[in-house]
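Quick notes on the structure that follows.
Each ligand, and each atom within it, is numbered from 1 in the order the structure gives. This chain uses plain numbering: 1 for the first residue, then up along the sequence. These numbers come from a predicted model, not from an experiment.
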Amino acid sequence: MDISVVIPLYNEEESLPELHRRLGEVLPGIGSYEIIFVDDGSTDGSLKVLERLFAEDPRVRVHSFRRNCGKSAALAAGFEKAEGEYVVTMDADLQDDPAEIPSLIAKLDECDLVSGWKFPRRDPLSKRIPSKVINWLTAKLTGVNIHDMNCGLKAYKNEVVKGLSLYGEQHRFIPALVHASGFKVGEVKVHHHPRKFGHTKFGAKRFMEGIFDLLTVLFITRYIKKPLHFFGIPGLVLLLAGGCTLAYLAIGWLMGRWIGGRPLFTLAVLLVILGIQFISTGLLGEMLTSLSYTKHEDGVERELSWQKTDKK
Ligand code: UDP
Ligand code: MG
């Protein structure tokens, strides 16, 4: 199997027949393929439409959640099933153009994940501006220099998706996660279309949540194996500041100045307690990490032939 197309969908009944038809025009020209529709607990007629497509086309596979679990969970389920050498993901709402798939796959010669860059992006300004800010911030903080982290249209080598464990809303930061595992990430400009049917499934609160998700991804990619490095530095700074303040008050006390009611005393105690809390949290994190750590979970290992010959 050459290509697996994974399509997460939630209440997209109107778009599905056209999407399937257009994929059928593009994919045969590239190689053998399967289309994996992951129905994320749709409450409209999407599943009925998928059953029809499944009956008509042997290359269609359908996976369905009993309830809405989110786009990350839907992608993860599709990734688990994908058998193709290359895996392409796209949204079901016809905003992503199937005609771009060949150029994404061609670019996989140079990298392991190719992310689409919606250019120009056909979404309202209220969505484009915050998204630009989050993309810029994410690129700066994670060191992945691409313009559009959260484009639905992406192409992967199969080993990349098998090493990804997505949950929550992490689909927004897939390139950062993949990059942190040591894979090479690239991008290609793709056409983007306005939504034709239905409405967006992510409201304005996505941007507030986006900040939390970014924090999680930063923590996961940088500090998951060394949480004390994350919590320890602010902890030490607070402890040191508190300690110095207490020492200053103690010297004053030795010289006969009463410290009981001074605001500075309250502040010093607060700083010391906070510092100890930060450091304890880091140590608890280290305990969790050491309990759950297994050597192979990084997904960064590769069998190299020279390693094998070396051992003989
Ligand atoms: N989607 C999903 N589960 C959800 C929300 C969205 O599978 O809980 C799918 C949705 O059907 C679409 C894709 O994810 O195929 C992108 O969603 P949407 O078009 O609403 O996002 P936007 O384009 O507004 O970013
Ligand atoms: Mg959309």
Side-chain angles (χ1 to χ4, degrees), residues 4-23 35-50 53 60-82 87-98 100-101 115-135 138 147-154 161 164 166-175 190-211 213-214:
S4 299
V5 182
V6 173
I7 304 175
L9 63 113
Y10 179 52
N11 295 343
E12 309 280 5
E13 60 179 342
E14 301 101 325
S15 311
L16 294 173
E18 184 176 338
L19 179 65
H20 174 255
R21 184 180 55 73
R22 293 185 51 200
L23 282 168
I35 306 174
I36 305 176
F37 288 102
V38 186
D39 164 37
D40 185 11
S42 297
T43 50
D44 66 351
S46 294
L47 196 57
K48 277 267 168 306
V49 178
L50 291 179
L53 295 177
V60 167
R61 297 171 68 189
V62 179
H63 186 83
S64 178
F65 291 162
R66 284 179 202 282
R67 65 170 176 83
N68 181 238
C69 299
K71 189 176 174 185
S72 288
L75 283 172
F79 288 161
E80 203 180 304
K81 302 267 178 301
V87 179
V88 174
T89 60
M90 61 191 300
D91 290 352
D93 55 359
L94 299 169
Q95 288 199 267
D96 297 331
D97 198 330
E100 301 285 357
I101 294 177
S115 186
W117 170 9
K118 304 182 281 278
F119 193 92
R121 186 167 174 182
R122 310 279 184 208
D123 275 323
L125 208 62
S126 59
K127 197 156 139 187
R128 286 192 334 249
I129 291 174
S131 159
K132 252 206 156 69
V133 174
I134 292 198
N135 271 319
T138 313
H147 298 80
D148 188 0
M149 283 273 155
N150 185 18
C151 180
L153 193 53
K154 290 188 171 66
V161 303
L164 259 179
L166 294 181
Y167 65 89
E169 298 291 319
Q170 288 178 357
H171 61 270
R172 293 177 182 146
F173 300 101
I174 290 177
V190 296
H191 283 110
H192 189 237
H193 304 282
R195 207 179 226 285
K196 207 162 158 186
F197 305 104
H199 55 84
T200 176
K201 306 302 180 305
F202 299 98
K205 78 175 195 299
R206 80 164 94 193
F207 299 111
M208 267 308 278
E209 294 171 351
I211 303 284
D213 292 330
L214 175 58

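- Listed by chain and residue number, nothing satisfies the side chain to side chain donor-acceptor pair (under 3.5 Å) test with E169 (two or more places apart in sequence, or in another chain).
- Protein residues having at least one heavy atom under 4.0 Å from any atom of ligand 1 are P8, L9, Y10, E12, D40, N68, G70, K71, D91, A92, D93, Q95, K127, R195, T200, K201, F202, R206, listed by chain and number.
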Checklist line | D123/K118 under salt bridge (Lys or Arg N to Asp or Glu O under 4.0 Å): CA gap, chis, key distance, verdict | finding: CA-CA 10 Å; D123 275 323; K118 304 182 281 278; 5.7 Å; no
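- Counting only distances under 2.8 Å, and ignoring water, the protein N, O or S atoms around the Mg ion (ligand 2) are D93 OD2, Q95 OE1.
- The aromatic rings of H147 and W117 lie parallel to each other, with less than 30° between the two planes, well short of the 60° mark.
- S4 contributes no side-chain N or O that, together with a main-chain N or O of V87, makes up a donor-acceptor pair within less than 3.5 Å.
- In this structure the side chain of L9 reaches within 4.5 angstrom of the side chain of L16, judged on heavy atoms.
- For R195, the salt bridge (charged side-chain N to carboxylate O under 4.0 Å, His left out) partners are E12, D93, not counting sequence neighbours.
- Proximity of F197 to S15: side-chain heavy atoms (C-beta onward) are separated by under 4.5 Å at one or more points.
- Two residues are said to be in side-chain contact when any heavy atoms from C-beta on lie closer than 4.5 Å; L125 and R128 meet this criterion.
- The aromatic ring centres of F65 and H63 sit less than 6.0 Å apart.
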